[in-house]
Amino acid sequence: MNVLITGATSGIGHQLALDYAKDGHSVIACGRKQDALDTLASAYPDQIKTLRFDITDKSETLSALATQEPIDIAILSAGVCEYLDVKHFDADMFERVFRVNVFGTMNTVEALLPNLNRGSKLVIVGSLARLLPFTKAQAYGGSKAAIHYITRSLEVDLKETYGIDVLAVSPGFVKTPMTDANDFEMPMRVSVEFASAAIRKGIAKGRRDIGFPKLFSGMLRVMSLLPQGMQVALSRRMARNS
């Protein structure tokens, strides 16, 4: 299979690229840092090709992906996280986070659609943070809530029009350079190896929503069914205890 992965220079995307290449698939690893891409490709030079571009630059993204061979699986995992301090409210932070997590992802979708055939899988990585109003996560959680809605809506139209399967990935806490910067407790945090295995297994089985770890995902999904007032009260209590 031909597997394209954005955000392949670190974290989940990096591990997915290694694991798909290890299994003998052709991987197109995408990212902004050429040195990190070169190091990744050196691990499996026969399986991994690299593309350097910034997903927030639409023209660069369209150009980079214009001449790619047909893609069987496209995994869009590039993303950023910033937390809000309401005492120093920063609207620009929302723009920075949404520019990557939402608009950058959609730039990539637009560029990839000509390379996706009937039966191809478009996999968009979100977050379980979308499920509850967590403290300080207004920008990150909001961007992931937006991307999940877009993913579900794309599932409707792309399947009907092109026969493309659209899958959503909703991770909990995963040990990556991004979460290493967090200064709060991260319950049930898993390794990138665990995350990659869960995602690859979910894709192989065609699961519409790949959430992990299962216990943490299940707990948050149940909490998200509570009345909104109870969700806010619960999140306030968690914030005080953190």
Side-chain angles (χ1 to χ4, degrees), residues 7 11-13 16 75-86 93-94 96-106 109 122-156 165-176 178-192 194-199 201-203 205-242:
I12 295 173
L16 283 166
I75 306 175
L76 310 188
S77 68
V80 297
C81 178
E82 293 188 52
Y83 293 108
L84 180 69
D85 180 354
V86 292
M93 188 192 72
F94 285 78
R96 291 193 300 270
V97 172
F98 272 71
R99 187 185 300 128
V100 177
N101 293 355
V102 179
F103 301 119
T105 300
M106 291 305 102
V109 171
L122 176 63
V123 185
I124 300 178
V125 178
S127 171
L128 290 174
R130 65 182 168 82
L131 291 171
L132 289 175
F134 290 109
T135 180
K136 301 182 180 180
Q138 291 86 353
Y140 179 72
S143 72
K144 293 303 185 178
I147 205 65
H148 186 76
Y149 179 91
I150 293 168
T151 302
R152 289 281 77 97
S153 186
L154 284 174
E155 180 184 10
V156 174
D165 295 320
V166 182
L167 313 180
V169 176
S170 298
F173 293 111
V174 180
K175 183 172 173 49
T176 66
M178 188 167 69
T179 61
D180 284 343
N182 292 345
D183 60 358
F184 54 85
E185 183 179 355
M186 290 171 280
M188 304 185 201
R189 185 163 65 154
V190 300
S191 66
V192 288
F194 182 102
S196 173
I199 293 169
K201 181 178 179 180
I203 292 172
K205 293 190 174 183
R207 292 177 179 162
R208 296 176 54 255
D209 196 342
I210 304 165
F212 60 88
K214 286 185 178 180
L215 179 58
F216 191 58
S217 175
M219 289 170 57
L220 292 187
R221 290 175 195 275
V222 170
M223 291 178 189
S224 72
L225 299 176
L226 296 171
Q228 290 187 1
M230 293 182 66
Q231 293 183 36
V232 170
L234 181 61
S235 293
R236 283 174 176 162
R237 181 180 300 175
M238 288 189 290
R240 287 194 297 266
N241 294 335
S242 64

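- Side-chain atoms of Ile203 and Ile75, non-hydrogen and from C-beta on, do get closer than 4.5 Å to each other.
- Heavy atoms from other residues, nucleotides or ligands lying under 6.0 Å from CE of Met230 number 12 at most.
- In this structure, Ser170 OG and His148 NE2 are separated by 5.5 Å, a value rounded to the nearest 0.5 Å.
- Looking at every heavy atom in both residues, Thr151 comes nearest to Ile147 through OG1-O, 2.6 Å.
- At a threshold of 4.5 Å between non-hydrogen side-chain atoms, the residues Phe134 and Leu220 count as touching.
- Here the closest heavy-atom approach between residue Ala198 and residue Ile210 is recorded as O-CG2, 3.6 Å.
- The CG atom of Leu215 sits 4.0 Å away from atom CE of Met188, with the distance rounded to the nearest 0.5 Å.
- For the pair Val169/Phe212, a side-chain contact is recorded, criterion being any heavy-atom separation below 4.5 Å from C-beta on.
- The CD atom of Gln231 sits 8.0 Å away from atom CG of Leu225, with the distance rounded to the nearest 0.5 Å.
- For the salt bridge (Lys or Arg N to Asp or Glu O under 4.0 Å) condition, no pair includes a residue of residues 232-242, sequence neighbours left out.
- Between the side chain of Ser196 and the main chain of Val192, no donor-acceptor pair closer than 3.5 Å is present.
- A distance of 12.5 Å separates CE of Met219 from CG of Leu131, quoted to the nearest 0.5 Å.
- Here the CD1 atom belonging to Ile124 is positioned 4.5 Å from the CE atom belonging to Met106, to the nearest 0.5 angstrom.
- Annotation: side chain of Leu76 is in contact with side chain of Leu122 (closest heavy-atom distance under 4.5 Å).
- Inter-residue side-chain proximity for Leu84 and Met93 is flagged as met; some heavy-atom pair is nearer than 4.5 Å.
- The minimum heavy-atom distance linking Pro171 with Ile12 is given by the pair CG-CD1, 4.4 Å.
- Closest non-hydrogen pair, Pro187 versus Phe216, comes out as CG-CE1, 3.9 Å.
- A distance of 11.5 Å separates CG in Leu234 from OG in Ser224, rounded to the nearest 0.5 Å.
- Listed by first then second residue, pairs satisfying salt bridge (Lys or Arg N to Asp or Glu O under 4.0 Å) with a partner in residues 213-233 read Asp209-Arg221, not counting sequence neighbours.
- Residues Tyr140 and Asn101 meet the side-chain proximity criterion, which asks for heavy atoms closer than 4.5 Å.
- For Glu155, the side chain to side chain donor-acceptor pair (under 3.5 Å) test picks out Arg152, Arg208, with sequence neighbours left out.
- Pairing each heavy atom of Val97 with each of Ala139, the nearest pair is CG1-O, 3.8 Å.
- Here the closest heavy-atom approach between residue Ala146 and residue Phe98 is recorded as CB-CE2, 4.3 Å.
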